[in-house]
Protein chains: 2
Amino acid sequence: MSAAVIKYYRGMGRWEPNARGRLEQAAMELFIERGFEHTTVAEIAKRAGLTERTFFRYFADKREVLFAGAGTLQEFFVSTVASAPDSAAPIDAVAAALEAAGALLQERREGARQRQAVIAAHAELRERELIKLASLASALAGALRRRGVTEPAASLAAEAGIAVFRIAFERWISETSQPDLPQLIRESLDELKAVTAGK
Amino acid sequence: MSAAVIKYYRGMGRWEPNARGRLEQAAMELFIERGFEHTTVAEIAKRAGLTERTFFRYFADKREVLFAGAGTLQEFFVSTVASAPDSAAPIDAVAAALEAAGALLQERREGARQRQAVIAAHAELRERELIKLASLASALAGALRRRGVTEPAASLAAEAGIAVFRIAFERWISETSQPDLPQLIRESLDELKAVTAGK
């Protein structure tokens, strides 16, 4: 974007450099300092050096700051499953998607830990997280069906995949060492394979 | 209970024959006739020939009429897992619990279908159902840990088990023939085993 265009958008109040990222960081700081329920949108905007109007261009409400990334994760899962080789078994297509998402999250462990701490402290946010996970499983099953996987295999592979992801994720954020999320995902999937094989 | 005692309790307004069952049936009829959101506790009590006060002795609110059975199902899962032979692999203990619960539900297909139709029509109830399933998985994992199963195997077996149960349940209530729920559970579990084995 040219400097003139940037100046134009700034003049219109329609563009701020990295507004989304600044709002996310400000929100997380305030959720941790004051608690989710004692933080207002006005305070988040102020901390980010932006207006409330700018906040609402990016997020419907303060809760959505925590869940806006879910859509990105879902698209990432779906496109990775779609691009798996035709010869890949359903569980391998799912494993590829989980590991790729794990590699993406690996870079953001501190943010993920903070987000999880805020969610764990509020029943309303835990419920929203369950809904998000159910949507992820549903999207993943849809991506498998588009590869020709029939039901109930598509839904079972997707649900099992999300369970593996969630359990690996919990281990990743709770361990004090710096564990590798894609590695934990592989281990959890191997464990699921052993468990379902009756071991 | 002697006739005199029954009369005493009736006089005290503390006992009504099968009050719980009558309230459940009245609530389901009204939810289907008028919709969940247009049904009041007063109407449920009236249809059941009971007072609102009696309603609140059994249920906290009208939503709980739909979810009160979840606690029973959970206890049933947990006790079946606990009583599985010591030699049973974790997935077999889970399978025994799912099939036993399936046999129990098999007798109540029409009620289960009606309940599911009401839940499917309301986002708030679908969320509550997700929370119930997450609690079931968590209780099942706890029962496995008490058998000496370590983590993450306990949580993975429990989550996979609940996914199998949910998917078999959906097939059971959506099929027009009179399918056998325990049989559908066995088939779904076999399908999960095939999927995780990379088939």
Side-chain angles (χ1 to χ4, degrees), chain A residues 87-95 123-138 140-141 144 149-172 174-175 184-199, chain B residues 87-95 123-138 140-141 144 149-172 174-175 184-199:
Chain A
S87 61
I91 197 72
D92 295 326
V94 169
E124 171 208 345
L125 300 177
R126 290 197 302 272
E127 290 176 18
R128 178 89 182 107
E129 182 81 341
L130 285 176
I131 295 162
K132 193 198 78 177
L133 290 167
S135 304
L136 271 178
S138 182
L140 206 48
L144 289 169
V149 181
T150 53
E151 287 294 353
S155 289
L156 285 163
E159 295 279 349
I162 295 299
V164 161
F165 188 77
R166 198 176 62 66
I167 287 161
F169 184 89
E170 280 172 12
R171 289 174 69 195
W172 178 60
S174 62
E175 283 185 17
L184 288 171
I185 289 169
R186 280 189 294 274
E187 284 175 21
S188 292
L189 183 57
D190 286 345
E191 191 87 36
L192 176 72
K193 289 176 178 186
V195 159
T196 52
K199 281 168 195 162
Chain B
S87 61
I91 198 70
D92 296 326
V94 169
E124 170 207 346
L125 300 177
R126 291 196 302 271
E127 291 175 19
R128 178 87 183 109
E129 183 81 342
L130 285 176
I131 295 163
K132 193 198 79 176
L133 290 166
S135 305
L136 271 178
S138 181
L140 206 47
L144 289 170
V149 181
T150 53
E151 285 296 352
S155 289
L156 285 163
E159 295 278 351
I162 295 300
V164 161
F165 188 77
R166 198 175 62 67
I167 287 161
F169 184 88
E170 280 172 14
R171 289 175 68 195
W172 178 60
S174 63
E175 283 186 16
L184 288 172
I185 289 169
R186 280 189 294 275
E187 284 174 20
S188 292
L189 183 58
D190 286 344
E191 190 87 37
L192 176 72
K193 288 177 180 186
V195 159
T196 53
K199 279 167 195 161

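Per chain, numbering begins at 1; letters A, B, ... match sequence-line order.
For A/Arg171, the part lying under 4.5 angstrom from a heavy atom of chain B is the side chain only. Contacts between A/Leu192 and chain B at a heavy-atom distance below 4.5 Å involve backbone atoms as well as side-chain atoms. Using a 4.5 Å cut-off between heavy atoms, B/Val164 touches chain A through backbone and side chain atoms alike. Contact of B/Arg166 with chain A is made through the side chain alone, with heavy-atom distances under 4.5 Å. Proximity to chain A (any heavy atom under 4.5 Å) is shown, for B/Ile131, by both the backbone and the side chain.
Note that CD1 of B/Ile167 is 13.5 Å distant from CD of B/Glu187, once rounded to the nearest 0.5 Å.
A side-chain contact (heavy atoms from CB on, under 4.5 Å) with A/Pro90 is found for exactly one of A/Leu144, A/Leu156, A/Thr150, namely A/Leu144.
Look at B/Glu129 and B/Arg126 and you find no salt bridge, because none of the NZ, NE, NH1 or NH2 atoms lies under 4.0 Å from a carboxylate O.
Across A/Ala93 and A/Ala88, no two heavy atoms sit closer than the pair N-CB, 4.5 Å.
Across B/Ala89, B/Ala163, B/Ala157, B/Ala153, the residue that shares the most heavy-atom pairs under 4.5 angstrom with chain A is B/Ala153. Between chain A and the residues B/Leu189, B/Leu130, B/Asp92, B/Val149, the most heavy-atom pairs under 4.5 angstrom are made by B/Leu130.
With hydrogens and angles left out, the side-chain atoms of A/Ser155 and A/Glu151 include a donor and acceptor closer than 3.5 Å.
A distance-only check finds no donor-acceptor pair linking the side chain of A/Ser188 to the backbone of A/Ile185 [under 3.5 Å].
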